Amino acid sequence: MPVIDWEKMALGTAIAASLGGVAVFVADPAQPVNARLDLIQSQLKALPKAGPIAAGAALSDVTLLSQQPIFVMLTGANAYKEKAVKLIGISISPGRRAALVSVDGQPAVWMGIGETRDELVLIEVGSSAVRFDTPVGARTISINEPAAGGAG
């Protein structure tokens, strides 16, 4: 079942109603100006309105956002600790490219391109190296490279 994005739907409805009102205002010059403006106003009133937001919910959202840093912290007590990643194997076939990786000493798992494990997204698989997207940028790991990172 498809996921409905209600905010985009409401925005699209508002834009469509506004454009429709403008089109009626411009397209039917035979009607008096007041009648055209009344039509636009009634269409705008018919748009769905956002429901009330509970004060506690809004406050908790703001509190949650203020607790989370916007950027990845590289220094200090809450600094991002880079994962120790060891590339054990590579599989390249016509339908799939995958890498056998161990993250922070955990058992090795196969990851396909686009898959995520412990904040690492596999973005490229080559013949002897792979490339991950991490919170601090792209990282290339060679098959012969020892595990490098936080928990070696």
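Not measured: the values here are computed from a predicted model. Only this structure's heavy atoms are used, side chains among them; waters, hydrogens and symmetry mates stay out.
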Heavy-atom closest contact ([X] atom, [Y] atom, distance):
{"X": "Leu87", "Y": "Ser128", "result": "CD2-O, 4.4 Å"}
{"X": "Ser142", "Y": "Ala129", "result": "CA-CB, 4.0 Å"}
{"X": "Gly89", "Y": "Ile143", "result": "CA-CD1, 3.9 Å"}

Does some side-chain heavy atom of [Y] sit less than 4.5 Å from a side-chain heavy atom of [X]?
{"X": "Glu115", "Y": "Leu122", "value": "no"}
{"X": "Arg117", "Y": "Phe132", "value": "no"}
{"X": "Val101", "Y": "Ile88", "value": "no"}
{"X": "Ile113", "Y": "Val125", "value": "yes"}
{"X": "Glu124", "Y": "Arg97", "value": "no"}
{"X": "Leu120", "Y": "Asp133", "value": "no"}
{"X": "Lys83", "Y": "Glu119", "value": "yes"}

Legend entry - Euclidean distance, Asp104 CG relative to Lys86 NZ, rounded to 0.5 Å: 14.0 Å

Inset, instruction - Consider only side-chain N and O atoms of Thr134 and Arg139, and report whether a donor and an acceptor are under 3.5 Å apart. - result: no

Inset, instruction - Flag yes if Ile92 and Ile141 sit in one hydrophobic cluster, no otherwise; membership is Ile, Leu, Val, Met, Phe, Trp, Tyr, and two members link when side-chain heavy atoms are under 4.5 Å apart. - result: yes

Inset, instruction - State yes or no: do Ile90 and Val103 share one hydrophobic cluster built from I, L, V, M, F, W and Y residues joined by side-chain heavy-atom distances below 4.5 Å, directly or via other members? - result: yes

